[in-house]
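Notes for the one structure printed next.
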Amino acid sequence: MSKAILGTKLGMSQVFAENGDLVPVTVVEVLPNVVAGVKTVETDGYNAVQIGYDAVKEKHLTRPVKGQFEKAGIDPVKYLREYRLAEKPEYTVGQTLAADIFAAGEFVDVIGISRGKGFAGTIKRWNHQRGPESHGSKNHRQTASLGARMSGGGGKVFKGKKMPGQLGGDRVTVQNLEVVRVDTDRSILLVKGGIPGAKGSLVMVKTAVKSSK
């Protein structure tokens, strides 16, 4: 059965493999997760498990959310995420999940919110080419033509046109990353390569969907 757990991105480091290769890794702190809810096809129409992460004070919760934790009989948590499953869940409400649900050598997908970089032009946001710098050109970093001339008068900008706008701050999934090491004593996962998000941000580590290994 596929697995998922929530953690905190601490930053990047590097470790040496057994053959002496230097491997860049991202350190993910995985404090104990709690199963806050279990959904099945019979009761909810689909299979899923709700996992909670990071303790929070009750005064920071709304009354409906507080009632959800009281009904489940668990301590309040800051983050709640639902993870869909293809088969009936084998979890129970109140069960604790730790970093050891994954093992070194497994392949995972990591989901996070990319770092927000503010408003950006098309060169930085979409890697567009800049205009000429000489011979009286006035178009250095401006957006180029936005739409072709349409019959009936006037042009039209089609939906999805790559234009200036907000860069970053999006939900990003990086697939097929190898788990290099699992340190249960310090509750951390070492994942090969980079993952989305700033230091201290929430990430979800789950079983890889498209792994061919």
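Quick note: residue numbers are just sequence positions, from 1. All values below come from the heavy atoms of this structure, side chains included, with hydrogens, waters and symmetry mates left out.
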What's the spacing between Thr62 OG1 and Gln68 CD if we round to 0.5 Å? 9.0 Å
Can you tell me how far apart NZ (Lys161) and OG1 (Thr122) are? Round to the nearest 0.5 Å. 9.5 Å
May I ask you to test the Val108-Phe102 pair for a side-chain heavy-atom distance under 4.5 Å? yes
Please report the shortest heavy-atom distance between Ala36 and Ala72, naming the atom on each side. O-CB, 3.8 Å
If hydrophobic clusters are built from ILVMFWY residues whose side chains come within less than 4.5 Å, do Val174 and Val179 share one? yes
Check: Arg84 main-chain N/O paired with Asn47 side-chain donor or acceptor under 3.5 Å: no
Would Ile123 and Gln129 satisfy side-chain contact (heavy atoms from CB on, under 4.5 Å), going step by step from the backbone distance to the final call? CA-CA 6 Å; Ile123 294 178; Gln129 186 177 3; over 6 Å; no
Check whether any side-chain heavy atom of Phe107 sits under 4.5 Å from a side-chain heavy atom of Leu177, and report yes or no. no
Side-chain heavy atoms of Val56 within contact of Leu61, under 4.5 Å: yes
Does the pair Lys66 and Arg63 meet the rule for a side-chain contact (heavy atoms from CB on, under 4.5 Å), with working shown? CA-CA 5 Å; Lys66 182 180 178 181; Arg63 294 176 69 179; 5.5 Å; no
Does CG in Asn127 sit with more than 12 non-hydrogen atoms of other residues, nucleotides or ligands closer than 6.0 Å? no
Heavy-atom donor-acceptor pair, Arg125 side chain to Gln166 backbone, under 3.5 Å: yes
CD of Gln95 to CD1 of Ile51, rounded to nearest 0.5 Å, is 11.5 Å
Spacing of Asn33 atom CG and Ile5 atom CD1 [to the nearest 0.5 Å]: 4.5 Å
If we ignore hydrogens and angles and just use 3.5 Å, is the side chain of Thr207 paired with the main-chain N or O of Lys3 as donor and acceptor? yes
If only atom types and distance count, is the side chain of Gln142 paired as donor or acceptor with the main-chain N or O of His140 below 3.5 Å? yes
Common cluster, Leu190/Met204, ILVMFWY with side-chain heavy-atom separation under 4.5 Å: no
Is there a continuous path of hydrophobic side-chain contacts, each under 4.5 Å between heavy atoms, that joins Val77 to Val65? yes
Closest non-hydrogen contact found for Ala208 with Asn176 is CB-OD1, 3.6 Å
Apply the test side-chain contact (heavy atoms from CB on, under 4.5 Å) to residues Leu80 and Phe69: give CA-CA distance (whole Å), side-chain angles for both, the deciding distance (0.1 Å), then the verdict. CA-CA 11 Å; Leu80 271 179; Phe69 293 124; 3.9 Å; yes
Within a 6.0 Å radius of atom CD on Glu87, are there more than 12 heavy atoms belonging to other residues, nucleotides or ligands? yes
Over 12 foreign heavy atoms within 6.0 Å of CG, Asp183: yes
For residues Ile188 and Leu97: do they belong to one hydrophobic cluster (side chain heavy atoms under 4.5 Å, members Ile, Leu, Val, Met, Phe, Trp, Tyr)? no
Treating Ile, Leu, Val, Met, Phe, Trp and Tyr as nodes and any side-chain heavy-atom pair under 4.5 angstrom as an edge, say whether Ile113 and Ile111 lie in one connected cluster. no
With a cut-off of 3.5 Å and sequence neighbours excluded, list every side-chain donor-acceptor pair involving residues 6-31.
| unit_1 | atom_1 | unit_2 | atom_2 | d |
| --- | --- | --- | --- | --- |
| Thr8 | OG1 | Tyr53 | OH | 3.0 |
| Lys9 | NZ | Ile195 | O | 3.0 |
| Lys9 | NZ | Gly197 | O | 2.7 |
| Asn19 | OD1 | Asp21 | N | 3.1 |
| Asn19 | ND2 | Asp21 | OD2 | 3.0 |
| Thr26 | OG1 | Gly193 | O | 2.5 |

Side chain proximity check, Leu202 to Arg81, heavy atoms < 4.5 angstrom: yes
Without swapping roles, check the side chain of Asp54 against the backbone of Tyr79 for a donor-acceptor pair under 3.5 Å. no
Once rounded to the nearest 0.5 Å, what's the spacing between atom CG of Leu189 and atom CD1 of Ile101? 8.0 Å
Measure the spacing between CG of Asp109 and NZ of Lys210 and express it to the nearest 0.5 Å. 8.5 Å
Is there a side-chain contact between Leu167 and Lys124, using heavy atoms and a 4.5 Å cut-off? yes
Would you sort out whether Ser2 and Tyr83 count as a side chain to side chain donor-acceptor pair (under 3.5 Å), showing the intermediate values? CA-CA 10 Å; Ser2 57; Tyr83 177 56; 3.2 Å; yes
Could you go through Met163 and Val157, starting from their C-alpha distance and side-chain angles, then the distance that decides it, and tell me whether this counts as side-chain contact (heavy atoms from CB on, under 4.5 Å)? CA-CA 10 Å; Met163 299 177 65; Val157 179; 4.1 Å; yes
Kindly give the heavy-atom pair with the smallest separation between Pro89 and Ala48, and that separation in Å. CG-O, 3.6 Å
Donor-acceptor contact present, side-chain Ser137 to main-chain Ser134, <3.5 Å: no
For Tyr91 and Gln50: C-alpha separation, side-chain torsions, deciding distance, then whether side chain to side chain donor-acceptor pair (under 3.5 Å) applies. CA-CA 10 Å; Tyr91 300 98; Gln50 289 182 341; over 6 Å; no
